[in-house]
Amino acid sequence: MTEVPEHLLKRSQDRRAALGLGGGGDGGGGGDAAPAAAAPADEPAPGSAVAPAAPSAAAKPAAATPAEVAPPEPPPPYVQAALTRKKIPFWAMPVLAFLPVWAIIYVGGLSPADTGEAGPLDQGAEIYAAQCASCHGGGGGGGVGRAFTDGELLATFPDISEMLEFVWVGSNGIGPAGTPYGDPDRAGGAHTTLSYNGNPMPAFQDVLTPEELLNVVRYEREVLGGEEVPAEEIGDADQRFWPDGAPIVDDAGQLVTPEGEALFDEEGFLTIEPNYG
Ligand code: HEC
């Protein structure tokens, strides 16, 4: 307050008096600040009140001409399209909000199928489709190779061990054309090599691991051939055991006899006699 020069205060008071406002300039120290501060604010008011008047008066004649042209101009097509197009339907937001949830459920739905494939018979099915189905048919009904259905396969190989050997070494590994394989007492006579249509069954010892061999052989027997395996020969993880309960595959993934010895010798032939009862 002390900084406000005396002549300005005077001027303010005069102005207030002219405008008919009470100008108690001599009031309390605190009360003075407001009127004093208000005074400069008042000051430009008369000036600014004049200022707009002049431009608006000047602008009027100039604005008159363009103002007539502007209103009839229609909005551009893209604005019209934006105004008239269909809005997003009200139910879209819940649907969009649910999408991530759906994605998680969808992805989750895929994983059980993946874990299922880890089972021995699922692996056997995959190998069968890739390595055997082209000759033996997708359902094992036969083709270039013999049929496994209607008891045919189980009649040839009532014991799994000789079937493992046959697939491992192939027709030519078993012996020259006419060499009997499988159950010698098979109804209709034992099958002999190259007797089906003259074609050999290929060897798979360089194609499959021993465990893969067991799994595809199991798939042919248990799924395509309809073998009924006693419960005590199937493990908790769906692995297969010998009739006496010993594992067919050891921890190293090798095929073993009920006594735990290697099931095949170095050439891939059985080290045990097949059991034809
Ligand atoms: C290139 C064609 C072909 C492929 C691939 C093939 N096989 Fe064979 N399979 C044959 C033929 C041909 C025979 C008959 C062999 C003979 O007469 O000596 C046969 C016979 C068999 C037999 C004997 C059936 C019986 O009752 O005498 C079994 C078991 C067998 N195949 C299993 C398999 C498995 C397991 C696979 C896949 C890992 C497979 N085959 C892939 C052509 C094939």
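Both counts, for ligands and for their atoms, begin at 1 and track the order of listing.
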Query raised in the report: Can you check whether Met201's main-chain N or O pairs, donor with acceptor, with Ser171's side chain at less than 3.5 Å?
Result: yes
Query raised in the report: Has the side chain of Thr179 got a donor or acceptor atom that lies under 3.5 Å from a matching backbone atom of Thr193?
Result: no
Query raised in the report: Are side-chain heavy atoms of Val256 and Ile248 found at a separation under 4.5 Å?
Result: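 Val256 does not reach Ile248 side chain to side chain.
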Query raised in the report: How about Cys132 and Val216: do any of their side-chain heavy atoms sit closer than 4.5 Å?
Result: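 Of all side-chain heavy-atom pairs linking Val216 with Cys132, at least one is under 4.5 Å.
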Query raised in the report: With respect to Glu222, which candidate in Val229, Val217, Ile160 satisfies the side-chain contact (heavy atoms from CB on, under 4.5 Å) definition?
Result: Val229
Can you pull out the closest protein heavy atom to [atom]? Residue, atom name and distance to 0.1 Å, please.
atom: atom 22 (C) of ligand 1; value: Phe166 CE2, 3.4 Å
atom: atom 28 (C) of ligand 1; value: Phe148 CE2, 3.7 Å
atom: atom 14 (C) of ligand 1; value: Tyr196 CB, 4.0 Å
atom: atom 5 (C) of ligand 1; value: Gln131 O, 3.2 Å
atom: atom 15 (C) of ligand 1; value: Ser171 OG, 3.4 Å

Any nitrogen or oxygen of [X], side chain or backbone, less than 3.5 Å from one on ligand 1?
X: His191; answer: yes
X: Thr156; answer: yes
X: Leu194; answer: yes
X: Glu220; answer: no
X: Ser134; answer: no

Requested in this report: Indicate yes or no: does Arg240 engage Glu227 in a salt bridge with an N to O separation below 4.0 Å.
Outcome: yes
Requested in this report: State plainly whether the residues Glu152 and Arg186 are in salt-bridge range, i.e. N to O under 4.0 Å.
Outcome: yes
Query raised in the report: What protein N/O/S atoms lie closer than 2.8 Å to atom 8 (Fe) of ligand 1?
Result: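 Listed by chain and number, the nearby protein N, O or S atoms are His136 NE2, Met201 SD.
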Requested in this report: List for me each residue that meets salt bridge (charged side-chain N to carboxylate O under 4.0 Å, His left out) alongside Arg146, sequence neighbours excluded, and say none if there are none.
Outcome: none
Report summary line: Looking at Val144, Leu153, Leu164, the heavy atom closest to atom 29 (C) of ligand 1 belongs to Leu153
Report task. Anything under 30° is parallel, anything over 60° is perpendicular, the rest tilted; go ahead and classify Tyr128 against Tyr219. Result ->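 Ring orientation of Tyr128 relative to Tyr219: tilted.
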Query raised in the report: Taking the six-membered ring for Trp, is the centroid-to-centroid distance between Phe157 and Phe166 below 6.0 Å?
Result: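 Centroid separation for Phe157 and Phe166: below 6.0 Å.
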Query raised in the report: Same hydrophobic cluster for Leu208 and Phe148, using side-chain heavy-atom links shorter than 4.5 Å among ILVMFWY?
Result: yes
Report task. Give a yes/no verdict on whether any heavy atom in Tyr128 is under 4.0 Å from an atom of ligand 1. Result -> no
Report task. Check step by step if side-chain contact (heavy atoms from CB on, under 4.5 Å) holds for Tyr181 and Thr192. Result -> CA-CA 6 Å; Tyr181 61 85; Thr192 58; 5.6 Å; no
Contact atoms of ligand 1, heavy-atom distance to [X] under 4.0 Å:
X: Ser195; value: 17 (O)
X: Thr193; value: 18 (O)
X: Tyr181; value: 23 (C), 25 (C), 27 (O)

Query raised in the report: Has Asp251 got more than 12 heavy atoms of other residues, nucleotides or ligands less than 6.0 Å from its CG?
Result: no
